[in-house]
Amino acid sequence: MAELGLLLFSLSILFSTSLCCPDDQKLALLHFKSSLLDSINSSTQYSLSSLDSWDASSDCCHWDMVTCSSRSNSRKVVALHLYSLVLAEQPIPFPSMVLSPLSLIKSLMLLDISSNYIVGEIPPGVFSNLSKLVHLDMMQNNFSGSIPPQIFHLRHLQYLDMSSNLLKGVISKEVGSLLNLRVLRLDDNSLGGYIPEEIGNLTKLQQLNLRSNNFFGMIPSSVLFLKELETLELRDNSLSMEIPKDIGDLTNLTTLALSGNRLTGGITSSIQKLHKLETLRLENNLLSGGIPTWLFDIKSLKDLFLGGNNLTWNNTVNLEPKCMLAQLSLSSCRLAGRIPDWISAQKDLLFLDLSKNKLEGPFPEWVAEMDIGSIFLSDNNLTGSLPPRLFRSESLSVLALSRNSFSGELPSNIGDAIKVMILMFSGNNFSGQIPKSISKIYRLLLLDLSGNRFSGNIPDFRPNALLAYIDFSYNEFSGEIPVIFSQETRILSLGKNMFSGKLPSNLTDLNNLEHLDLHDNRIAGELPMSLSQMSTLQVLNLRNNTLEGSIPSTITNLTNLRILDVSNNNLSGEIPAKLGNLVGMIDTPNTFKSVSDMFTFPIEFSDLIVNWKKSKQGLSSHSLEIYSLLDLSKNQLSGQLPASLGHLKGLKLLNISNNHLSGNIPATFGNLESLESLDLSRNRLSGSIPRTLSKLQELTTLDVSNNKLVGQIPVGGQMDTMDDPNSYANNSGLCGFQIQLPCTPEQPQVKQPEADDSWFSWQGAGIGYSVGFFATITIILVSGCISRLPPQNRHRSHRRQRF
Ligand SMILES: *[C@@H]1O[C@H](CO)[C@@H](O)[C@H](O)[C@H]1NC(C)=O
Ligand SMILES: *[C@@H]1O[C@H](CO)[C@@H](O)[C@H](O)[C@H]1NC(C)=O
Ligand SMILES: *[C@@H]1O[C@H](CO)[C@@H](O)[C@H](O)[C@H]1NC(C)=O
Ligand SMILES: *[C@@H]1O[C@H](CO)[C@@H](O)[C@H](O)[C@H]1NC(C)=O
Ligand SMILES: *[C@@H]1O[C@H](CO)[C@@H](O)[C@H](O)[C@H]1NC(C)=O
Ligand SMILES: *[C@@H]1O[C@H](CO)[C@@H](O)[C@H](O)[C@H]1NC(C)=O
Ligand SMILES: *[C@@H]1O[C@H](CO)[C@@H](O)[C@H](O)[C@H]1NC(C)=O
Ligand SMILES: *[C@@H]1O[C@H](CO)[C@@H](O)[C@H](O)[C@H]1NC(C)=O
Ligand SMILES: *[C@@H]1O[C@H](CO)[C@@H](O)[C@H](O)[C@H]1NC(C)=O
Ligand SMILES: *[C@@H]1O[C@H](CO)[C@@H](O)[C@H](O)[C@H]1NC(C)=O
Ligand SMILES: *[C@@H]1O[C@H](CO)[C@@H](O)[C@H](O)[C@H]1NC(C)=O
Ligand SMILES: *[C@@H]1O[C@H](CO)[C@@H](O)[C@H](O)[C@H]1NC(C)=O
């Protein structure tokens with residue numbers, strides 16, 4: 001027995017040596033592994049366990065992610081499945097040169113290096129010897145530059161996925177001059193380019209995916225040579241011109257996805273020749289013309305997305321579809337009248353988007369009975385109440401009905417729809433209480449009831465719920481502020497209701513809260529100390545309540561706070577000097593993810609309403625991250641303006657009007673380099689307006705009226721455009737060309753403190769004053785002498801009217 005075992009053992013050694021992968025291939029792979037490891041910063045935490053089995057003493061054909069050919073006695077590496085190699089908290093950017101060793105594995109037929117965050121241009125040499133490649137997946141890296149021509153020589157290639165990179169096409173000299181590019185910077189990834197015509201050389205291609213890159217220009221006509229093509233996926237680039245007229249010649253196409261580009265023209269009729277077509281995605285382009293009815297005769301069609309174009313639906317046509325759709329988007333296609341009832345025959349429908357049309361009439365019972373998973377009917381004129389049947393659905397997960405004319409109470413069985421994740425009812429005429437059963441929907445993530453006539457108290461939600469986005473604003477809710485929401489809550493908007501009582505101290509239990517909006521309620525009492533524990537807060541809006549007491553200086557603990565509005569309350573005491581430490585208002589961190597970024601389908605979340613330059617404006621939830629505001633107006637604040645406020649360089653709006661503040665305007669306000677609107681009116685400020693304000697290049701609105709200011713209004717920069725006399729009215733002797741009141745020698749000459757010494761010693765959250773600060777002071781001093789220069793920024797006063 002022992003001998004037999006020995007024999008078998010030695011046989012197996014013989015066997016495996018003869019079936020080992022070639023040494024050069026093994027070395028190349030080890031080289032690849034070591035260059036990967038070498039490029040990871042030693043201080044980074046990561047795991048590369050997928051390559052643990054790659055060690056020099058074993059046969060590389062037995063390594064994980066490596067496949068060798070099975071034939072003959074000389075085995076060779078034919079496939080490398082090197083996707084998502086590294087696990088790390090932050091993506092680790094690998095330089096693209098790590099790929100170089102792979103060029104030696106000429107036998108390679110499949111190479112998958114997707115999801116590795118490799119950065120830089122694709123090294124051209126890598127593919128010149130890999131002529132056997134059939135399958136190449138480079139998806140989700142950060143490859144930049146253009147596709148190297150060597151890839152177009154891979155004659156056997158059937159599968160090419162380069163989606164989700166920063167690739168661009170080639171730019172010819174002619175195009176360069178058309179675009180007026182004097183300097184062509186090849187490393188500039190924001191610049192796109194054409195998809196190379198050579199793509200047409202890859203005549204074996206079945207799958208081509210260039211989604212989410214920077215390609216522009218027309219779809220190359222050479223794609224029509226790719227007769228074997230089954231998937232043509234070019235979504236989310238900047239492609240323009242028309243869909244190729246003869247696209248219908250690619251008769252094997254099952255997926256044609258061109259959405260998210262700038263394609264024009266109509267839906268070409270050759271598409272009807274694509275009798276295997278299952279997915280047609282043309283949404284979010286600039287297509288125009290009628291929606292052809294023959295689309296619905298393509299029997300194989302399952303997913304049809306046409307929304308977000310300038311297409312027109314023929315509302316008189318009586319459709320009898322031959323297809324059985326799973327997904328249908330006809331958003332903004334000018335559908336009018338009732339919801340078309342041919343849809344009722346689409347028994348497999350999972351996703352229905354008919355938003356942004358002119359649909360009217362009630363929510364049809366038959367739609368409720370179809371058990372559709374996602375229903376988007378926002379921005380129509382639908383009326384009546386919701387059928388209870390809708391919520392007896394096992395499938396319903398998204399229901400978006402915002403901005404219609406629905407009315408009545410929500411069905412009490414709403415909680416039967418336990419799979420629902422998103423409910424959007426904003427801007428209708430719903431009334432009554434929120435049905436108690438809603439707390440049964442344990443998967444609920446987003447609940448938007450804003451802009452209705454809901455009333456009463458808010459029911460309990462399960463504390464372990466996932467509910468992250470809550471908007472109950474603009475209703476008639478009453479009672480105390482409910483703190484019954486989930487620990488996961490990120491956005492809580494309860495503004496414009498009739499909530500009363502104090503700010504609950506256990507708000508701090510919501511330890512993921514980023515956005516708290518309680519404006520226009522009847523909340524009383526002091527700002528609780530505990531508020532400063534909510535370190536995740538980015539937006540705090542308490543405008544127009546009856547809060548009293550002083551602003552706690554511990555509020556500077558809120559290091560992420562970018563928008564603070566406590567205007568129109570009864571706050572008193574001094575403005576804490578430490579407010580200048582609010583780091584979120586210094587370098588506005590770009591961490592804010594708008595709600596719409598979190599979902600792959602259209603979510604229109606309500607704007608944040610603020611007082612912006614004298615009028616109420618909505619800041620779009622899509623771009624909230626660019627705003628930083630501090631509004632303390634309409635309170636009883638007294639004492640001096642702290643010079644440290646000048647440190648809040650990220651602020652776009654500073655409103656301290658309608659208080660009892662006295663003393664000088666700090667010269668440091670000239671450092672508020674992002675400031676567009678400064679309102680100090682209706683206080684008791686004295687002294688002169690600091691000359692440093694002429695440094696505020698973005699300033700478009702200034703109000704210092706109703707104070708005790710004297711002396712010359714600063715000149716230069718934007719100050720030359722601040723010439724509305726109302727902004728200076730009711731002071732104690734201001735002069736200047738802005739108010740057409742020349743300064744006379746008798747005018748009190750107030751000696752201007754250039755900078756308040758106190759703020760040099762002020763402890764600024766570890767942010768040092770750079771040489772730049774002293775340089776700017778010097779520049780002001782110099783520019784003060786030449787301040788009669790024509791204003792350079794006059795045009796700025798008309799910018800940013802829209803949000
Ligand atoms: C490694 O990371 C540390 C801290 O993140 C950084 O200071 C250092 O420059 C990095 N080194 C390299 C080589 O990238
Ligand atoms: C990849 O590119 C994106 C977009 O430019 C960038 O935000 C991201 O940080 C890059 N990732 C790496 C790992 O370089
Ligand atoms: C391609 O293979 C040849 C020899 O077979 C070799 O000399 C050359 O260096 C290889 N090219 C690259 C880019 O690896
Ligand atoms: C593409 O094919 C044409 C002929 O069909 C040939 O002239 C050209 O060199 C090829 N280009 C590439 C990059 O393979
Ligand atoms: C299309 O697909 C069929 C079946 O999958 C295949 O036989 C044929 O070669 C493909 N190419 C063309 C051009 O039809
Ligand atoms: C949309 O198409 C109509 C004609 O159907 C045209 O009058 C209109 O200008 C187009 N709108 C846009 C934004 O292209
Ligand atoms: C709309 O459809 C009706 C009925 O099929 C047809 O008579 C009419 O010509 C169509 N209108 C347009 C603009 O295509
Ligand atoms: C919505 O429909 C109602 C009647 O159902 C009508 O009075 C109203 O004008 C319509 N609104 C819009 C914006 O079309
Ligand atoms: C909302 O419904 C009430 C009745 O419940 C009605 O009086 C009111 O006119 C409706 N408002 C709108 C805008 O339709
Ligand atoms: C906050 O306190 C109230 C009672 O004062 C309680 O009902 C509620 O569950 C608490 N909320 C949280 C999130 O702990
Ligand atoms: C403050 O809120 C009350 C009650 O909601 C409202 O009536 C009033 O108009 C609001 N004031 C301002 C200035 O918005
Ligand atoms: C400030 O934040 C720290 C930690 O972030 C916390 O320990 C401390 O209690 C906070 N201070 C106040 C007054 O909330």
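Throughout, numbering of the chain's residues begins at 1 and tracks the sequence. The structure displayed is predicted, hence computed values, not measured ones. What you see below is based on every heavy atom in this structure, not just the backbone, and it leaves out hydrogens, waters and symmetry mates. Atoms within each ligand, like the ligands themselves, are counted from 1 in listed order.
- In terms of the ring-ring contact (aromatic ring centres under 6.0 Å, His included) criterion, residue partners of F296 (sequence neighbours excluded) are, by chain and number, W313, W342.
- Using a 4.5 Å cut-off on side-chain heavy atoms (C-beta onward), N209 and Q207 make no contact.
- Numbered from 1 in the order shown, with element, the atoms of ligand 2 that lie under 4.0 Å from a heavy atom of V119 read 14 (O).
- Atoms of ligand 2 found under 4.0 Å from any heavy atom of N142, numbered from 1 in the order shown, are 1 (C), 2 (O), 3 (C), 8 (C), 10 (C), 11 (N), 12 (C), 14 (O).
- Residue-ligand proximity, N429 to ligand 9, at heavy-atom distances under 4.0 Å covers atoms 1 (C), 2 (O), 3 (C), 8 (C), 10 (C), 11 (N), 12 (C), 14 (O).
- A donor-acceptor pair is defined here as one N or O able to donate and one able to accept, closer than 3.5 Å; such a pair exists between the side chain of N237 and the backbone of N213.
- The aromatic rings of F430 and F406 sit parallel, their planes meeting at an angle under 30°, below the 60° perpendicular limit.
- Between Y194 and F215, the ring centre distance reaches or exceeds 6.0 Å.
- Judged purely by atom type and a 3.5 angstrom limit, N544 has no side-chain atom pairing as donor or acceptor with the backbone of H519.
- For ligand 5, the 4.0 Å heavy-atom shell contains residues K227, E228, N252, K276.
- Among N284, L282, I247, the one residue that satisfies the side chain to side chain contact (heavy atoms under 4.5 Å, CB included) test with L258 is L282.
- Considering backbone and side-chain atoms together, Y117 places no N or O closer than 3.5 Å to any N or O of ligand 2.
- Interface atoms of ligand 2 facing P93, defined by a heavy-atom separation under 4.0 Å, are 13 (C), 14 (O).
- Using a 30° and 60° split on the angle between ring planes, F499 and F477 fall in the parallel class, below 30°.
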